[in-house]
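Here the structure comes first, spelled out in structure tokens, and everything after it is commentary.
Counting starts at 1 for both ligands and their atoms, following the listed order.
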Amino acid sequence: MENIKYIVVVQCHIVKERCSGYFCEKSFHERDGGFSVYPKEKPFRINYMTCGGCCGKAVLRKLSNLTRKIYKHEKVSKDEIMVQLSSCMTQDNYHSPKCVHLDYIKELIKRAGLVHLEGTRISRKAEERRLLGEYRR
Ligand code: SF4
Ligand code: SF4
């Protein structure tokens with residue numbers, strides 16, 4: 001974790017047809033939810049991209065493009081990059097149940113030679129609904 005200087009947020013392509021991503025950005029800015037692991041005093045670069053649509057296959061080529069380019073231009077290596085999967089992919093939420101291709105997408109991230117964390121913005125209301133069992137965990 002100390003190595004990490006570059007975060008790639010991968011978000012659900014279908015959800016992003018409606019969502020501006022504002023709450024993910026706000027959550028990173030405030031370092032809450034899934035971003036609470038990143039110290040506020042440390043500067044991070046951050047890149048937001050979608051999975052490219054079902055079944056998420058584009059994740060591999062997008063991440064491979066990124067790792068190639070960022071190493072070529074800035075010598076940022078894979079162990080300095082963290083993939084952060086958006087909450088709308090990893091948890092049952094207002095938009096839909098979690099992504100049905102989640103395990104496949106995780107496999108692609110691994111194949112790209114990267115590690116990942118789950119969760120970005122955690123909605124208070126959705127969390128309440130998960131506790132009540134209205135949304136599955
Ligand atoms: S977690 Fe929320 S803000 Fe982020 S992309 Fe998904 S729906 Fe949008
Ligand atoms: S693969 Fe998953 S994250 Fe990507 S668009 Fe489909 S449901 Fe959303």
query = Quick one: does ligand 1 sit under 4.0 Å from the side chain of Arg121, the backbone, both or neither, non-hydrogen atoms only?
reply =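 No part of Arg121 comes within reach of ligand 1.
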
inquiry  = Taking 4.0 Å as the limit for heavy-atom contacts, which would you say applies to Cys19 with ligand 1: side chain only, backbone only, both, or neither?
reply    =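 The part of Cys19 near ligand 1 is the side chain, not the backbone.
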
message = Taking the six-membered ring of Tyr71 as reference, does the cationic atom of Lys75 (NZ for Lys, CZ for Arg) lie under 6.0 Å from its centre and within 45° of its axis?
response =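 Geometry flag: set, cation within 6.0 Å and 45°.
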
Ligand-residue contact atoms, ligand 1 with [X], heavy atoms, under 4.0 Å:
X	value
Val15	7 (S)
Thr120	1 (S)
Lys16	5 (S)
Phe23	3 (S)

Can you name the atoms of ligand 2, numbered from 1 with element, that are less than 4.0 Å from a heavy atom of [X]?
X	answer
His13	5 (S)
Met89	3 (S)
His101	1 (S)

Shortest protein contact, [atom] (heavy atom only):
atom	result
atom 5 (S) of ligand 2	Cys51 SG, 3.4 Å
atom 8 (Fe) of ligand 2	Cys12 SG, 2.3 Å
atom 2 (Fe) of ligand 2	Cys99 SG, 2.3 Å
atom 4 (Fe) of ligand 1	Cys24 SG, 2.3 Å
atom 6 (Fe) of ligand 2	Cys54 SG, 2.3 Å

inquiry  = Any non-hydrogen side-chain atom of Cys51 less than 4.5 Å from a side-chain atom of His13?
reply    =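 Yes; the side chains approach each other to less than 4.5 Å.
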
key: Side-chain heavy atoms of His116 within contact of Ile105, under 4.5 Å   = no

key: Evaluation steps, side-chain contact (heavy atoms from CB on, under 4.5 Å), between Arg45 and Lys5   = CA-CA 6 Å; Arg45 296 265 296 281; Lys5 55 167 79 159; over 6 Å; no

task = Take Arg68 and Ser64, measure what side-chain contact (heavy atoms from CB on, under 4.5 Å) needs, and give me the verdict at the end.
result = CA-CA 6 Å; Arg68 265 199 319 278; Ser64 299; 4.0 Å; yes

Donor-acceptor under 3.5 Å (Lys42 side chain, Glu2 main chain) = yes

key: Test item: Arg129 side-chain N/O and Asn93 main-chain N/O as donor-acceptor pair under 3.5 Å   =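 The answer is no, because no donor-acceptor pair under 3.5 Å joins these two groups.
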
note = Tested for side chain to side chain contact (heavy atoms under 4.5 Å, CB included) against Met82, the lone hit among Val8, Leu117, Leu114 is Leu117

remark   = The answer for which part of Cys55 has a heavy atom under 4.0 Å from ligand 2 is backbone

inquiry  = Can you tell me how the ring of Phe35 sits relative to the ring of Tyr38, calling it parallel under 30°, perpendicular over 60° and tilted otherwise?
reply    =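 If you compare the ring of Phe35 with that of Tyr38, the planes turn out tilted.
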
